[in-house]
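Contents: one structure, followed by commentary.
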Amino acid sequence: MQLFRHANSIYGGSDVIIGASYDLLLWFAAAGAAFILMHAVFKAVTKTGERASH
Amino acid sequence: MSTPDITRPDPAPTGRVLRHKLIDRIYHWLMALSVLILMATAFLPILGWKFEWLDLHWITGVVLTLAVLFHIIRAVCWQDIWAMFLGGQDLRDITGGGKPGKYTPAQKLYHLGVSLLILAAIGTGLLMLLKIDTPWWRRDPYWFSDTQWGVIYAIHGFGAMALITMVMIHIYFALRPDEWRLTRSMFRGWMTSKEYLDHHDPKRWKAKEDA
Amino acid sequence: MVVKDMMPNFELFQPTQVKDALAILDSYGKDAWKMAGGYDSLVWFKERIKRPKAVIDLSGIAEMQGIKETADGVEIGALTTLTDIENNSIIKTKYRLLADAVAKVASPQIRHAGTIGGNASQDARCLYYRYGLPCYRAGGTTCYADTPEGINREHALFESDRCVAVTPSDGAPALVALDAKYVLRSSSGERVVGSEEFYVGPKIDITHMTSTKPEEILVAIRIPNTWAGSHFYFEKVADRNVWDFALVNVAAALKVQNGVIRESRIACGGVSAVPRRLTAVEEILKGQPMNETVAKLAGNSATRGARPLNYNGFKIPLMANLVTRAVRDAKA
Ligand SMILES: Cc1cc2nc3c(=O)[nH]c(=O)nc-3n(C[C@H](O)[C@H](O)[C@H](O)COP(=O)(O)OP(=O)(O)OC[C@H]3O[C@@H](n4cnc5c(N)ncnc54)[C@H](O)[C@@H]3O)c2cc1C
Ligand code: SF4
């Protein structure tokens with residue numbers, strides 16, 4: 001997995017960053033899903049849902 | 001017409017208090033629609049669904065920018081901007097379990113995060129407009145070097161991708177039954193007086209009755 | 001320094017069956033490169049700009065070679081060379097437009113090995129892109145050709161969107177005018193698409209010239225009977241008469257009865273990322289006599305909506321004249 005998208009510099013050797021890597025798309029989506037899952041489980045286990053004041 | 005004091009200890013349980021004015025609800029839904037369109041036009045082509053996305057993307061970006069500008073001006077000039085800022089009291093609420101004012105510390109934190117991400121995406125998105133022809137200017141990528149553009153695109157990309165996480169979390173809370181009063185208030189403007197007194201500290205949020 | 005003009009390492013596969021080629025494609029995904037005659041591919045590799053892990057040399061697949069007549073027209077295997085098409089008797093008698101077009105490609109040597117599949121699928125020839133700059137088409141975030149200083153003499157007049165590169169193919173406009181269908185096969189099946197779906201512009205996909213998916217192979221091109229034996233015209237204008245890409249080319253098929261144009265299909269290359277079908281002109285021509293006045297009208301209508309860049313304004317009168325000549329001089 002990469003953090004950035006790179007391109008070859010036209011002057012050779014070094015490369016330049018051209019943006020964020022799209023590999024991260026799924027990781028951000030997975031982070032959202034993980035948060036939701038953990039929160040839902042936590043609420044279900046502690047049964048605090050009804051009085052939640054989030 | 002006299003306004004009943006709904007902050008008194010025993011308000012009529014059937015009464016309603018105003019949580020979001022119509023103008024703020026319109027703003028919220030316009031922003032929601034814009035963000036969803038922006039995300040769809042940005043990410044679906046990357047995921048393999050090919051369509052003409054660019055015009056819709058940048059025009060929606062400009063709409064979102066104007067909406068956010070309106071929101072900032074309104075919050076500064078006409079609303080209690082501090083109601084959305086995290087402060088010492090919020091920390092005490094978290095540790096002491098006191099009732100919050102209009103917004104909980106978690107909501108304020110979320111708002112802060114989303115604001116930063118959207119401002120980052122908007123700011124960099126506006127710079128990217130230099131790369132398209134408009135009636136006012138010809139496109140010119142040489143305003144910035146390749147490396148600078150790389151940073152601009154990276155910020156835009158990270159901001160946009162992090163918004164996926166934030167939007168997922170937002171929609172999750174909006175759909176949770178125990179948060180339904182908040183979702184309903186974003187549709188209809190009000191929450192019941194009972195909900196108000198159960199979940200908020202009337203001293204810190206002096207709500208008005210829903211007309 | 002980047003080492004140029006020297007082939008980098010890649011794994012070479014030489015399947016003899018389409019199904020084997022597809023299996024290799026499936027296992028390498030986007031890291032695989034399909035190669036036919038290699039006249040577009042090898043330059044990319046030598047310049048070390050495209051660096052596939054695996055190259056699938058399709059040239060040994062017999063099933064994808066040759067021209068055969070079918071009930072509905074003719075089917076040309078994607079690996080059929082341009083020379084074979086140019087010399088084929090069915091093509092010469094019924095679909096002369098295609099023979100005329102491929103005869104104008106590059107040089108005899110290139111036509112001997114270059115295939116119709118590769119010619120239709122070939123990549124843009126924009127110099128900035130070919131030089132290896134990280135432009136939009138290369139997956140980057142800038143177009144170097146369309147800037148206040150960009151050199152864009154060869155670039156697009158129509159339908160550009162960030163990228164202003166054009167289709168360099170001489171075969172493609174003829175295939176569009178003949179209403180060709182493209183047979184794309186993957187391990188999950190086959191789909192047959194028309195030109196409007198096969199060629200894609202930057203608005204839809206800025207890094208590809210066709211809608212062929214990484215897991216698909218173009219196995220054949222089918223030309224229906226519809227335009228067999230029509231009046232045809234192909235002309236290409238380039239800086240050199242051989243070994244050069246078109247600045248603009250035109251391919252026209254007209255059904256003419258008693259000097260009246262009943263129907264037509266006309267396409268131009270070199271003016272947009274996809275061969276530009278001139279549907280408005282085709283409408284104008286319906287029921288009109290085939291003469292100089294109508295031809296001029298067609299030429300002028302063809303360029304409506306053109307948006308020249310800094311250095312390619314000359315393409316507007318060039319395109320108008322080519323379309324005028326196509327409508328005036330098309331022959332059965
Ligand atoms: C010096 C020079 C001058 C030229 N001048 C002209 C010209 O005047 N007019 C013109 O039209 N062209 C011109 N060309 C381009 C040349 O005609 C084409 O490059 C050639 O026809 C491509 O065929 P190929 O079989 O060699 O393609 P390849 O290089 O093998 O492939 C080209 C592209 O098509 C893809 N591809 C090939 N076959 C298939 C398939 N069956 N399924 C899926 N994808 C496939 C490859 O992956 C690659 O991306 C010129 C090329 C050179 C080098
Ligand atoms: S015209 Fe297209 S191929 Fe050429 S530099 Fe611009 S984006 Fe790249």
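Chain A is the first sequence line, chain B the second, and so forth, proteins listed ahead of strands; every chain is numbered from 1.
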Given a strict heavy-atom distance threshold of 4.5 Å, which part of A:Ala33 is in contact with chain B: side chain, backbone, both, or neither?
both
Side-chain heavy atoms of B:Asp146 within contact of A:Ile17, under 4.5 Å:
no
Heavy atoms of other groups near B:Trp137 CH2, more than 12 under 6.0 Å
yes
Would one find more than 12 heavy atoms of other residues, nucleotides or ligands at under 6.0 Å from atom NZ of B:Lys21?
no
A:Ile18, part contacting chain B, at a heavy-atom distance under 4.5 Å
backbone
Nearest heavy atoms of B:Ala154 and A:Phe4, plus distance in Å:
CB-CE2, 4.0 Å
Kindly say whether the aromatic ring centers of B:Phe43 and A:Phe28 come within a distance under 6.0 Å.
no
B:Met168 and A:Ile36 have their tightest heavy-atom pair at O-CD1, 3.6 Å
For B:Trp29, I'd like to know if atom CH2 has over 12 heavy atoms of other residues, nucleotides or ligands within 6.0 Å.
yes
Side chain / backbone / both / neither for A:Ala34 at chain B, heavy atoms under 4.5 Å:
neither
So, do A:His39 and B:Phe173 sit near enough that their side-chain heavy atoms are less than 4.5 Å apart?
yes
In this structure, are over 12 heavy atoms from other groups packed under 6.0 Å from B:Arg138 atom CZ?
yes
Step by step, work out the side chain to side chain contact (heavy atoms under 4.5 Å, CB included) result for A:Leu24 and B:Phe158.
CA-CA 9 Å; A:Leu24 301 174; B:Phe158 282 125; 3.1 Å; yes
When you measure from the side chain of B:Thr165 to the backbone N and O of A:Ala29, does any donor-acceptor pair fall under 3.5 Å?
no
Grab the two heavy atoms, one from A:Ala20 and one from B:Met161, that are nearest each other, plus how far apart they are.
CB-CE, 3.6 Å
Report which part of B:Ile152 has an atom under 4.5 Å of a heavy atom belonging to chain A: side chain, backbone, both, or neither.
neither
Does B:Tyr153 reach the main-chain N or O of A:Arg5 with its side chain, forming a donor-acceptor pair under 3.5 Å?
no
